[in-house]
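When a ligand or atom number is given, it counts from 1 through the structure's own listing order. What you are looking at is a predicted structure, and each value in this text was computed from that prediction instead of being measured.
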Amino acid sequence: MTGFKNIIVTGGCGFIGSNFVHYVVNNHPEVEHITVLDKLTYAGNKANLAGLPTDRVELVVGDICDKELVDQLVSKADAVVHYAAESHNDNSLQNPDPFIQTNIVGTYTLIQACHKYDVRFHHISTDEVYGDLPLREDLPGHGEGPGEKFTPDSPYRPSSPYSSSKASSDLLVRAWVRSFGLKATISNCSNNYGPYQHIEKFIPRQITNILSGIRPKLYGSGKNVRDWIHTNDHSRAVWTILTKGKIGETYLIGANGEKNNKEVLELILELMGQPKDAYDHVKDRPGHDLRYAIDATKLRTELGWEPKYTDFREGLKDTIKWYTEHRDWWEAEKAAVEANYAKNGQ
Ligand code: NAD
Ligand code: DAU
């Protein structure tokens with residue numbers, strides 16, 4: 001029994017937020033009402049909530065920066081789980097404006113309302129606030145030694161407009177906890193994969209490229225490492241922190257899923273029956289972070305969370321199947337997404 005009967009999920013029409021809404025509906029009957037507050041930007045899609053019971057899940061189309069709307073919704077809620085954000089690094093390099101507005105001002109608007117009504121707040125953040133790490137082969141402990149993965153004590157050193165806006169939002173939450181007693185927790189998660197991810201992102205972009213007869217695109221050499229986690233494992237971790245986490249604490253979420261981009265792309269090609277080298281190297285991302293890696297010991301030992309999706313190959317197979325069976329979900333947007341990348345040489 002959590003006591004959270006009426007929760008707000010911001011960004012619940014996006015990739016990870018909508019997976020979380022499905023997870024709560026399917027696993028936590030004690031939550032009677034979920035209000036999804038979502039602006040439906042290019043990344044938000046009402047269809048991500050299709051099939052969910054309308055008596056339990058209500059979509060409010062609106063902006064987290066809208067103080068009056070946020071105040072009115074938060075006044076009736078038991079908890080806010082805050083996913084809404086501008087989330088794509090490449091977009092933030094082209095135009096940082098919405099990142100500053102949504103990620104910083106939006107978070108500020110929400111925490112002010114949660115403070116006013118003494119409502120529990122959980123802030124969803126990213127491992128990118130910690131910058132990047134050297135490759136395993138260049139480290140004395142080969143990636144397993146002290147300081148060779150991110151921990152909650154790693155220094156903040158974000159690289160991109162996106163990650164610096166997320167770092168700013170984390171710092172606001174921390175200050176509101178300390179100065180105003182906001183009942184908040186923060187989680188910083190690694191790269192998610194799974195259904196409903198926008199096709200601008202690496203894994204769905206390559207899957208839908210292959211399904212569209214376009215050659216996949218690898219930035220630079222492809223040696224950059226991401227620490228992949230299935231989005232359902234992220235959802236369970238967030239629920240665990242929301243219900244069992246200690247107020248004021250930061251938890252890192254990761255599932256020991258380090259892989260470089262070339263390996264991931266070659267696996268996608270193999271699983272889709274393509275030659276291993278059927279892709280193009282394209283222009284690298286400016287300031288491209290080299291390696292992310294999460295030490296999730298605190299979450300595992302203090303809160304007892306463990307990932308369930310430990311076989312990346314199987315998780316990727318399911319994800320490929322989902323995009324193959326849901327062409328209507330992504331096909332209309334494909335040409336515009338690729339045209340935008342092409343303008344940038346990517
Ligand atoms: P996404 O881009 O798929 O979805 C973002 C959602 O937020 C969309 O539905 C969009 O319409 C909504 N939104 C944007 N601006 C809004 C505003 N001003 N008001 C209301 N709604 C707004 O993002 P995602 O990949 O699902 O990421 C969700 C959260 O998780 C973000 O906070 C992101 O920083 C964090 N995160 C993502 C990953 C990842 O791998 N994708 C990993 C760690 C953390
Ligand atoms: O680490 C968590 C972060 O993961 C989240 O905070 C972000 O919201 C999320 O978008 C993701 O950021 P990345 O920049 O790591 O994800 P992206 O899918 O854009 O790229 C993953 C890697 O693949 C990265 O090294 C860049 C590379 N890439 C990306 C694209 C789109 C390619 O090689 N080719 C591509 O076409």
Side-chain angles (χ1 to χ4, degrees), residues 9-20 36-46 48-49 59-66 69-70 81-93 98-99 101-103 105-107 109-110 123-130 132 150 158-160 162-163 165-166 169-170 187-194 196-206 209 216-229 231 234 238 253-254 259-262 264-265 279-285 288-294 337-338 341 346:
V9 177
T10 72
C13 289
F15 164 44
I16 313 185
S18 64
N19 276 292
F20 179 74
V36 170
L37 173 57
D38 198 300
K39 189 178 169 182
L40 296 182
T41 66
Y42 79 94
N45 190 341
K46 272 188 203 175
N48 297 3
L49 303 178
L59 170 61
V60 175
V61 179
D63 193 327
I64 55 166
C65 302
D66 179 340
L69 174 64
V70 165
V81 186
H82 174 36
Y83 288 91
E86 286 293 335
S87 68
H88 193 35
N89 277 297
D90 292 325
N91 292 346
S92 81
L93 294 161
F99 290 77
Q101 189 61 23
T102 288
N103 299 0
V105 179
T107 302
T109 309
L110 289 163
H123 182 58
I124 305 293
S125 193
T126 169
D127 57 358
E128 295 193 14
V129 300
Y130 301 116
D132 61 358
F150 299 136
S159 313
S160 73
Y162 162 68
S163 53
S165 68
K166 292 296 292 187
S169 65
D170 292 12
S187 55
N188 299 79
C189 187
S190 60
N191 284 63
N192 283 221
Y193 73 100
Y196 302 110
Q197 185 167 29
H198 195 277
I199 56 167
E200 67 189 354
K201 303 290 183 356
F202 178 56
I203 288 180
R205 183 181 182 206
Q206 313 315 334
N209 274 354
K217 308 283 185 259
L218 188 66
Y219 292 176
S221 64
K223 67 180 179 193
N224 307 67
V225 171
R226 297 295 180 264
D227 188 353
W228 294 99
I229 181 172
T231 193
H234 188 183
V238 168
I253 307 173
K259 303 225 164 348
N260 75 37
N261 294 338
K262 187 163 172 285
V264 173
L265 181 52
Y279 63 87
D280 297 329
H281 284 277
V282 294
K283 205 177 86 184
D284 208 352
R285 174 184 284 171
H288 198 172
D289 280 341
L290 192 51
R291 170 175 166 254
Y292 303 143
I294 292 272
V337 169
E338 288 309 310
Y341 274 123
Q346 293 178 319

At the 4.0 Å heavy-atom cut-off, does Q346 count as touching ligand 2?
no
[X]: heavy atom below 4.0 Å from ligand 1, yes or no?
X    : answer
D63  : yes
Y193 : no
K166 : yes
S125 : yes
S190 : yes
C13  : yes
G62  : yes

Name the closest protein heavy atom to [atom], giving the residue it belongs to and the distance to 0.1 Å.
atom                    : value
atom 40 (O) of ligand 1 : N192 N, 2.9 Å
atom 11 (C) of ligand 2 : N191 ND2, 3.4 Å
atom 27 (C) of ligand 2 : N261 ND2, 3.5 Å
atom 19 (O) of ligand 2 : R285 NH2, 2.9 Å
atom 24 (C) of ligand 2 : H288 NE2, 3.4 Å
atom 43 (C) of ligand 1 : C189 O, 3.3 Å
atom 26 (O) of ligand 1 : I16 N, 2.8 Å

Check whether any N or O atom of [X], backbone or side chain, sits under 3.5 Å from an N or O atom of ligand 1, and answer yes or no.
X    : value
Y42  : no
E200 : no
T102 : yes
C65  : no

Which atoms of ligand 2 have any heavy atom of [X] under 4.0 Å away?
X    : value
Y292 : 1 (O), 15 (O)
E200 : 31 (C)
N89  : 12 (O), 13 (P), 14 (O)

Minimum side-chain heavy-atom gap N45-F15 below 4.5 Å
no
Evaluate the side-chain proximity of I253 to I294: yes if any heavy-atom separation is below 4.5 Å, no if none is.
no
Please state whether the rings of Y341 and H88 are parallel, tilted or perpendicular, taking 30° and 60° as the class boundaries.
perpendicular
Please verify the inter-ring angle class for Y130 with F150; under 30° counts as parallel, over 60° as perpendicular, anything in between as tilted.
tilted
Where do D280 and K217 land on the salt bridge (Lys or Arg N to Asp or Glu O under 4.0 Å) test, with the steps shown first?
CA-CA 5 Å; D280 297 329; K217 308 283 185 259; 3.3 Å; yes
Please identify which atoms of ligand 1 are closer than 4.0 Å to at least one heavy atom of K39.
16 (C), 17 (C), 18 (N), 19 (N), 20 (C), 21 (N), 22 (C)
Which is closest to atom 2 (C) of ligand 2 by heavy-atom distance: D289, D127, I16?
D127
Indicate, with yes or no, if the rings of H281 and Y279 have centres closer together than 6.0 Å.
yes
Test side-chain contact (heavy atoms from CB on, under 4.5 Å) on D227 and I229 and set out the steps.
CA-CA 7 Å; D227 188 353; I229 181 172; over 6 Å; no
